[in-house]
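A short worksheet on the structure shown next.
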Amino acid sequence: MKINGRTKLLCLLGSPVKQSFSPLMHNASFSKLNINASYMAFDIEHEEIEKALLGLKAMNFIGCNVTKPHKLAVMPFLDHIDENATQIGAVNTIVNKEGKLYGYNTDMFGFIESIKSRDLTLENKTVAVLGTGGAAKAVVVGLLNEKVKEILIFSRDILKANSFLADINHDGKLSSHTYKDISNQTYDYIINTTPIGMHKDDPSIINVTRAGHDDTVFYDLIYNPKETTFLREARESGRQTINGLDMLIYQGIAALELWFEFDSKGWTRDDVIDVLIKENIIEI
Ligand code: NAP
């Protein structure tokens, strides 16, 4: 698809953005789907976020994704925020409808779908969530909607964990901890939502052999690198592992539905995996 005067513009706002697969994934998808659109990535400083959003409006971008550290910072500059994004307190997808900016959160859907699509169950399960950032909020709200039994939130700072709990309506299902309490056998899932693992030489955020049991699922939201030390050590100790690629794909498909009148029944996770492999973005 050639860029012309009718090309619809989209982008990612974040900092850093250079490691993101979103531009590659969306541009490859547009090309395969014959959608005349182009997706770029802009590294934006915190204090420039309002100007960046005004710029998108002025240049008729049809929308954008927002990644760290701006998922919360964009919210005051939006005209409408949907219920899920309000509950999570973070926006990762914006749609520009006739000059009005609408905020959504597709991370929650992406995360839950990546688990359900593997036929894993969440109902009545005990989950450890590592980290208290925007991604953790989307994960935790999604898990509560799926009726898990209990979620243990881990932070480097107990005050941060406490304030994370205070922001969420959880019916007593959440508890706050520091990493010294991580050795516990009961977790059915341990989910890393921290950025520890994004650099190849990062150690695992926890000692995986001391947490969980044989059937514990270790999930890392990071997808680049494909296997973090956390996931490698879990795999080597015989546990099931999931990286963040499917979450990225499912949140991306949900964003396409919001930006375009798009029927995702005809565009599946496997279709996106195919384009990512064909474009040498991922290896099998
Ligand atoms: P974030 O706000 O920067 O960090 C999340 C939390 O990690 C922080 O609140 C902090 O919690 C903890 N943390 C930060 N630095 C740490 C360190 N040096 N050591 C230990 N803990 C640390 O990031 P985010 O926006 O929530 O995103 C988190 C990760 O999820 C990123 O790697 C991002 O790429 C990934 N992600 C993936 C997808 C996907 O589609 N696969 C979607 C969204 C995000 P405490 O201060 O409480 O310890």
Side-chain angles (χ1 to χ4, degrees), residues 14-16 19-20 66-73 85 87-92 105-112 114-115 122 125-146 148 150-168 170 173-184 186-208 210-212 216-225 227-234 239 241-248 251:
S15 187
Q19 80 299 341
S20 174
V66 185
T67 190
K68 63 178 217 157
H70 303 317
K71 289 182 183 180
L72 208 140
Q87 200 188 358
I88 295 163
V91 162
N92 82 322
N105 191 305
T106 64
D107 282 337
M108 179 178 88
F109 169 80
F111 171 71
I112 295 299
S114 70
I115 292 186
L122 288 166
K125 300 292 183 189
T126 298
V127 186
V129 172
L130 317 179
T132 61
K137 273 260 184 74
V139 164
V140 167
V141 172
L143 291 170
L144 288 170
N145 289 345
E146 295 301 319
V148 293
E150 187 185 1
I151 307 173
L152 295 88
I153 305 293
F154 288 87
S155 170
R156 293 164 296 177
D157 175 352
I158 195 69
L159 295 178
K160 264 186 97 177
N162 291 342
S163 88
F164 182 91
L165 260 59
D167 285 349
I168 296 178
H170 60 85
K173 286 190 172 183
L174 298 190
S175 56
S176 50
H177 306 268
T178 58
Y179 288 98
K180 69 175 170 40
D181 300 335
I182 192 74
S183 303
N184 178 328
T186 63
Y187 314 125
D188 297 301
Y189 294 84
I190 301 180
I191 301 166
N192 178 33
T193 77
T194 78
I196 302 301
M198 289 179 86
H199 302 289
K200 278 223 153 69
D201 50 356
D202 280 351
S204 173
I205 174 99
I206 58 164
N207 181 338
V208 300
R210 291 177 52 212
T216 300
V217 177
F218 285 71
Y219 190 128
D220 201 324
L221 264 55
I222 296 169
Y223 56 84
N224 184 16
E227 188 177 58
T228 58
T229 307
F230 169 79
L231 290 189
R232 181 177 54 73
E233 290 181 354
R239 268 74 84 67
T241 61
I242 305 175
N243 75 9
L245 184 63
D246 278 358
M247 174 175 174
L248 177 83
Q251 69 74 30

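The basis for the numbers below is simple: all heavy atoms, side chains too, and nothing from hydrogens, waters or symmetry mates. Since this is a predicted model, take the numbers as computed values, not measurements.
- T126 places a side-chain heavy atom less than 4.5 Å from the side chain of L152.
- Residues I182 and L130 form a side-chain contact, since some pair of their non-hydrogen atoms from C-beta on lies under 4.5 Å apart.
- Shortest non-hydrogen contact noted between V139 and T193 is CG2-CG2, 4.3 Å.
- Side chain of D202 to main chain of I196: no donor-acceptor pair is present (N/O by atom type, distance under 3.5 Å, no hydrogens or angles).
- Side-chain contact check for I151 versus L144: some heavy-atom pair is nearer than 4.5 Å.
- For the residue pair V208 and A234, the shortest heavy atom distance occurs at CG2-N, 3.7 Å.
- Using a 4.5 Å heavy-atom threshold, the side chains of D181 and F154 count as touching.
- With rounding to the nearest 0.5 Å, the separation of OG1 in T241 from CD in E227 is 6.0 Å.
- For K173 (side chain) and V148 (main-chain N/O), a donor-acceptor pair under 3.5 Å exists by modelled atom type.
- Here the straight-line distance linking atom CZ of F230 with atom CD1 of I191 works out to 8.5 Å at 0.5 Å rounding.
- Judged by distance alone, the side chain of N105 and the main-chain N or O of A85 form no donor-acceptor pair under 3.5 Å.
- Of all non-hydrogen atoms in Y223 and S20, the two that sit nearest each other are OH-CA, 3.7 Å.
- If you take CG on L174 and CG on L165, they are separated by 4.5 Å, rounding to the nearest 0.5 Å.
- In this structure the side chain of V129 reaches within 4.5 angstrom of the side chain of L143, judged on heavy atoms.
- Nearest approach of H177 to S175, heavy atoms of both residues: NE2-OG, 2.8 Å.
- Ring-centre distance between Y189 and Y219: not below the 6.0 Å cut-off.
- Interatomic distance, CE of M198 versus CG of N224, reported as 7.5 Å (0.5 Å rounding).
- Rounding to the nearest 0.5 Å places CG of D220 at 7.0 Å from OG1 of T194.
- In this structure the side chain of M108 reaches within 4.5 angstrom of the side chain of N145, judged on heavy atoms.
- The shortest side-chain heavy-atom distance between M247 and D107 falls under the 4.5 Å cut-off.
- Nearest heavy-atom pair, K137 versus F164, reported as atom, atom and distance to 0.1 Å: CG-CE1, 3.6 Å.
- Closest heavy-atom contact between A161 and S155: CB-CB, 3.8 Å.
- Rounded to the nearest 0.5 Å, atoms CZ (R239) and CD (E233) are 10.5 Å apart.
- Inter-residue side-chain proximity for Q251 and F109 is flagged as unmet; no heavy-atom pair is nearer than 4.5 Å.
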Using the side chain to side chain contact (heavy atoms under 4.5 Å, CB included) rule, take N192 and T228 through it: C-alpha gap first, then chi angles, then the decisive distance, then the call. CA-CA 10 Å; N192 178 33; T228 58; 5.6 Å; no
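- Side chain of S204 to main chain of N207: no donor-acceptor pair is present (N/O by atom type, distance under 3.5 Å, no hydrogens or angles).
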